[in-house]
Number of protein chains: 2
Amino acid sequence: MMPGMSAQQPTSLRERQKEDRKARIIAAAKSLFIKSGLEKITIEGIAEIAGVSSVTVHNYYGTKSGVLLALVAESDRELLATFDATLVGKADNLTDLIERFFTLICEHTQTHLDKAIWRQVISASICGVEPRFGKLYHELDNRLASTLIAEIERLKDEGRVPEAVNSTHLGWALFNLQNARFIEFISSDDTDQERCLLNLSHDLGALLPFMA
Amino acid sequence: MMPGMSAQQPTSLRERQKEDRKARIIAAAKSLFIKSGLEKITIEGIAEIAGVSSVTVHNYYGTKSGVLLALVAESDRELLATFDATLVGKADNLTDLIERFFTLICEHTQTHLDKAIWRQVISASICGVEPRFGKLYHELDNRLASTLIAEIERLKDEGRVPEAVNSTHLGWALFNLQNARFIEFISSDDTDQERCLLNLSHDLGALLPFMA
DNA sequence: CAAAAACTTTTAGTCTACTAAAAATTTTGC
DNA sequence: GCAAAATTTTTAGTAGACTAAAAGTTTTTG
């Protein structure tokens, strides 16, 4: 199963061409970004490299942020795969879990995407000019939080987290906490991961010790 | 002491004129916003009402977001005054404190500003094109969090919060938690405060009961 | 009061996202 | 293969943020 493609291959030629153009557009955006950074990504530039017109880019992705979100969504799939390989079943307490989670996300951001893209995407998700956009973005958050919740369930089964807690609520609370520090992390190119991780561990240190 | 004015009155005529223009600009922005919403706020429009040129608006506030941030900063002062009157000394446990805090901020937003302005400002604080901007915004956060921390200290003195916790760390953690729900609140015009408050109380419910 | 300094305004552009409508092209269904 | 449908492209434009530099105005300073 290849990420990035719909489950069943499109029947009609037209559908296939559309998929192809869409893929070329995000590939173009990626290449442009890698070559010269976010400021140099323009709809026009993307269109040229992808071999379509700028109007088509708009038709497909709505806005520039829409294109960037597609980039993020793609890398999100890889991140979830990383989680399966590196996070699931590894941590043996809540603090450890959240810190691993946070670290993986930060590292993934630095290798696969870039702070600047996240800034743009999170920004757009808050400003939310587009209706689709917010929805898509929220789905990504949902998937990440679900991973966390599943791990909390496991810790509960193993007796490392009190039975009494609501895993879903705790999962979202911790996801939000961690996300606030992630936003701190991406907000400036100069903010380093270590610093944010330390802040996160202070957060957890103030909240969690009574739980054990 | 009037909010919105510097402590000492400016000596030179030039300084006074500058203050006056600045004040006219944000007053113009506010009136434009109240009349027709965020989309209708343009630098040009602000300049015209304020009786200055658009270039002057840029010189003073840098960007459109800069103007909006000034609006937020102004209302922030009122919010802190509200805190003194309505929050300080009122809560008798952590959950109650955070929920009051959150509620006051939401209500203040609805009466004094607007979700749309916050969206723009938070967005800009994340995207952070401007260096000054992020700094200013962070100061607002600092002031809000400090209020929270001071209240936590009080609860600790009253023996309602364990001595062992670090008030500063706990304060920031809870501020971040609450802020995540505030961002959820402002992200869409349709999201209602009750819903977000409920989510917040779930967050707290999952994290805090073991502390008491 | 006159020269200098400090600002603001005018002017003139640039840049880029985004949109609407007509024209051209290509696939599809019969 | 041909008409119809779907979709892209071309074309043309708008809007609004932001900038640089010259010109004009007002305050300051001696």
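Just so it is clear: chains get the letters A, B, ... in the order the sequence lines come, proteins before strands, and each one is counted from 1. This one's a predicted model, so the numbers in the text were calculated from it and none came from an experiment.
Between A/D20 and A/R16, no side-chain nitrogen of the basic residue sits less than 4.0 Å from a carboxylate oxygen of the acidic one, so the salt-bridge criterion is not met. Taking the charged nitrogens against the carboxylate oxygens, A/K30 and A/E74 do have a contact shorter than 4.0 Å, which makes a salt bridge.
Atom-to-atom, OH of B/Y61 to C1' of D/dC18 comes out at 18 Å; the value is rounded to the nearest Å. D/dA17 atom C1' lies 14 Å from atom CG of B/N59, rounded to whole Å. Atom CZ in A/R21 sits roughly 7 Å away from atom C1' in D/dT8 (whole-Å rounding). Atom pair B/L38:CG and D/dA17:P shows a separation of 10 Å (rounding to whole Å applied). Atom-to-atom, CD of B/Q120 to P of D/dA17 comes out at 10 Å; the value is rounded to the nearest Å. Spacing between atom NZ of B/K22 and atom C1' of C/dC7 amounts to 14 Å, rounded to whole angstrom units. What separates CD of A/E39 from C1' of D/dC18 is a distance of 16 Å, to the nearest Å.
Between atom CD of residue A/E15 and atom NZ of residue A/K18 there is a gap of 5.0 Å, rounded to the nearest 0.5 Å. The CZ atom of A/R181 lies 9.5 Å from the CG atom of A/L204; values are rounded to the nearest 0.5 Å. In this structure, CZ in B/F101 is found 13.0 Å from CG in B/L94, a value given to the nearest 0.5 Å.
For A/Y60, a side-chain nitrogen or oxygen approaches OP1 or OP2 of D/dT8 to under 4.0 Å.
Residue pairs meeting the side-chain hydrogen bond (donor to acceptor under 3.5 Å, both in side chains) criterion with at least one partner in residues 108-122 of chain B, sequence neighbours excluded, are B/E78-B/H112, B/T109-B/W118, B/R119-B/D189.
Tested against A/L32, the residues A/I49, A/T42, A/L38 include a single side-chain contact (heavy atoms from CB on, under 4.5 Å) partner, A/I49.
Proximity of a side-chain donor or acceptor of B/K64 to a complementary backbone N or O of B/I41 within less than 3.5 Å is detected.
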| task | Show your reasoning for whether salt bridge (charged side-chain N to carboxylate O under 4.0 Å, His left out) applies to B/R154 and B/E151. | result | CA-CA 5 Å; B/R154 178 182 60 80; B/E151 281 298 286; 2.8 Å; yes

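Near-neighbour residues of DNA chain D inside residues 23-32 of chain A, defined by a heavy atom below 4.0 Å, are absent.
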| query | For every nucleotide of nucleotides 17-30 of chain C, 5' to 3': is a protein heavy atom under 4.0 Å from its base (B), only from its sugar-phosphate (S), or from neither (-)? | reply | SBBB-----BBS--

